[in-house]
Each structure stands twice: as C-alpha cells, then as structure tokens.
J.: 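One structure follows; several queries about it will come next.
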Amino acid sequence: MSARLIDGKAVAKKILGEIRESIFARSQQGLRPPALAVILVGDDPASHIYVRNKRQACEETGIQSIYHPLSQNTTEEELIALIQKLNASPDIDGILLQLPLPAHIDSNKLLELIDPAKDVDGFHPYNLGRLAQRHPLLRPCTPFGVITLLNSIQETYKNRHAVIIGASNIVGRPMLLELLLAGSTVTLCHRFTKDLSQYVSQADIVVSAVGQPGIIKGAWIKPGATVIDVGISRLPDDSIKGDVEFESAFEKAAWITPVPGGVGPMTTAILMKNTLIAASHFSLHYSDDNKTSPY
Ligand code: GUN
C-alpha cells in the first residue's frame with residue numbers, strides 16, 4: 001500500500017481565496033480591510049521567514065498588515081506599552097506576537113496581555129479555555145490548520161485513536177483539545193514518554209510536532225493510518241525535513257502530509273481566517289467552524 005498526499009498548499013490556497021472574496025464583499029459594504037499588527041522581536045532567522053510568509057498572505061487576501069520589527073534589546077516594558085496601545089486601537093483587529101521572544105521577556109505575561117478578541121493566534125488562556133470547554137472562538141492556528149486538513153480528506157475522528165507527539169503550548173496541547181472536540185480518543189506523548197513506538201503503532205491518526213527530523217520511524221506506522229507531520233527542521237545541507245521518516249511511512253499510511261507543503265501553509269491560512277473573524281466581531285459567536293463538536 002502507498003499513501004495519498006494531503007496537499008496543504010492547495011487547501012491553504014483555497015482558504016486564502018475565500019478570505020479574499022469575503023474581504024472584497026466587506027469592502028463593497030463600506031467596511032475597511034481587516035488589520036493585523038505583526039510584532040517580531042529580535043533576529044531569529046526562522047521567525048523572520050514565518051513572519052515574511054504571514055505578511056505575504058495578508059497582501060494576497062487584502063488584510064492590512066502593520067509591521068513592528070523590534071530589536072533584540074527591546075525591554076518587556078516597551079513591549080507591554082506597544083501591546084496596550086494596539087489593544088486600545090480601533091484600527092487594529094488582530095495582534096500577532098511572533099514566538100519565541102528573547103529570554104529576558106516573559107512570553108506568558110505578554111500573551112496574556114493581548115486582548116482575547118484580538119488574539120488571532122488563539123494562545124490567550126481565555127481562548128484556550130473556550131476550546132477546552134468545547135466552545136471555541138479564536139483557535140490556535142496550527143492545530144486548527146491540522147483539523148482543516150483532516151476535514152479535507154473526510155477524516156472520521158470517532159472510533160479513531162489519535163496519537164500526538166510533542167506537548168508544546170503552540171501545537172501539542174491545543175491539538176489534543178481539537179482532536180478531543182472532534183470526537184477522537186487521544187493520547188499525547190512527550191519527552192517523558194517511554195517507548196514512543198508502542199503508542200505510534202496503535203495510532204489511526206498520528207500528529208507529530210517535535211521538530212526532530214526522522215524521530216517517527218516509518219516502520220511504526222499502523223497500516224492505513226493518517227499521518228500529519230508538523231515538524232519542520234532545516235538540515236546542515238539546507239534541505240527541509242519533517243519528524244516522520246517520509247519514504248517508509250508513505251508505504252504504510254493511507255494519507256500523509258509532505259514537508260514542506262503540508263501543515264506549514266495551513267498555519268498562515270488559519271491566521272488570516274482568525275484575523276477576518278476578529279474583524280467581524282459580531283459574527284464571532286456564530287461561526288460555522290464552532291459547530292463541529294459531536295457532543
Ligand atoms: N512561532 C512558531 N509558531 C508560531 C505561531 O503559530 N504563532 C506565533 N505567534 N509564533 C510562532
């Protein structure tokens with residue numbers, strides 16, 4: 001058996017097209033474009049690439065991006081003052097604080113300061129709490145991007161065992177909440193998990209978000225499983241590799257995401273979607289995407 005590829009680039013492109021149309025329709029009603037403030041602190045090369053992609057997606061969809069590139073030496077007080085200003089501004093709908101922040105800044109404190117209604121990353125405890133209580137509003141971009149990809153292949157979720165590897169705040173933990181909400185039985189593996197192979201080999205759905213190339217062996221994959229690779233690492237030869245040993249996993253899975261071109265473009269597309277939702281404040285409680293719970 002060999003797998004079918006889940007084409008994240010194509011799914012993301014479709015979403016961006018729909019967002020562009022919605023923003024055009026808004027403009028016909030006299031509404032200004034949604035506005036996203038993008039804050040990048042320091043010189044992390046990967047963060048610069050992510051932010052460039054996000055700003056490019058803004059341009060493609062008609063979202064206005066207001067860029068705040070800040071030096072590595074920016075103080076916590078300066079960042080607090082900027083976020084308070086953006087929270088108070090009626091011209092800003094969404095605030096993106098690119099992570100990681102320099103070590104002298106308390107990320108949790110800053111993320112909690114962002115107005116939950118402008119929290120387009122979905123990282124604020126309010127938005128995570130909503131997701132935990134099965135009533136999500138702004139949902140973390142990568143996990144909801146994964147759910148959108150799974151929906152695109154008509155994944156069934158119920159009676160399916162989903163195994164997540166990696167328990168980060170950005171991906172693993174909210175991914176657990178999303179898959180639980182969708183109706184799967186979920187296992188979350190992390191750095192203290194012994195014998196990862198034992199868990200992965202039982203998984204109908206594998207979501208790996210570790211950032212260690214090849215940590216998930218193709219031989220572990222259950223025949224017919226769906227494999228989602230969130231990991232993205234640059235090797236010394238400049239090639240990009242995921243967490244999953246792709247060639248051998250491809251022979252066993254039913255569906256698999258490529259790296260690059262799988263989950264990556266979805267994170268950006270969902271960020272644009274969240275920005276549009278944040279700008280359309282009043283419809284927030286009635287978004288179709290918030291009606292997916294089987295409970
Ligand atoms: N750093 C890595 N992924 C993300 C993300 O999805 N959002 C933000 N703000 N920072 C990140």
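These numbers come from a predicted model, not from an experiment. The chain is numbered in sequence order, starting from 1. Atoms within each ligand, like the ligands themselves, are counted from 1 in listed order.
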J.: Considering all heavy atoms of both residues, which atom of Ile23 and which atom of Gly62 are nearest to each other, and what is their separation?
T.: CG2-O, 3.9 Å
J.: Please report the closest heavy-atom contact between Gly231 and Val259, naming both atoms and the distance.
T.: O-CG1, 3.6 Å
J.: Identify the two heavy atoms, one from Pro265 and one from Gly262, that lie closest to each other, and give their separation to 0.1 Å.
T.: CD-O, 3.4 Å
J.: Is Leu96 in polar range of ligand 1, meaning some N or O pair under 3.5 Å apart?
T.: no
J.: May I ask you to list the atoms of ligand 1 that are less than 4.0 angstrom from any heavy atom of Lys54?
T.: 5 (C), 7 (N)
J.: Could you check atom 1 (N) of ligand 1 against the protein and tell me its nearest heavy-atom contact, residue, atom and distance included?
T.: Leu99 O, 2.9 Å
J.: For His48 and Gly42, work out which heavy atoms get closest and say how close.
T.: NE2-O, 3.1 Å
J.: Decide whether an N or O pair under 3.5 Å exists between Tyr50 and ligand 1.
T.: no
J.: Mind checking whether Leu97 has an N or O less than 3.5 Å away from an N or O of ligand 1?
T.: yes
J.: Pick one: which of Glu60, Met272, Lys14 meets side-chain contact (heavy atoms from CB on, under 4.5 Å) with Ile19?
T.: Met272
J.: For Gln98, is at least one N or O under 3.5 Å away from an N or O on ligand 1?
T.: yes
J.: Which atom pair, heavy atoms only, marks the closest approach of Ile49 to Arg234?
T.: CD1-NH2, 4.4 Å
J.: Nearest protein heavy-atom contact for atom 6 (O) of ligand 1: which residue, which atom, what distance?
T.: Asp121 OD1, 3.8 Å
J.: Hey, does Phe123 sit under 4.0 Å from ligand 1 if you only count heavy atoms?
T.: yes
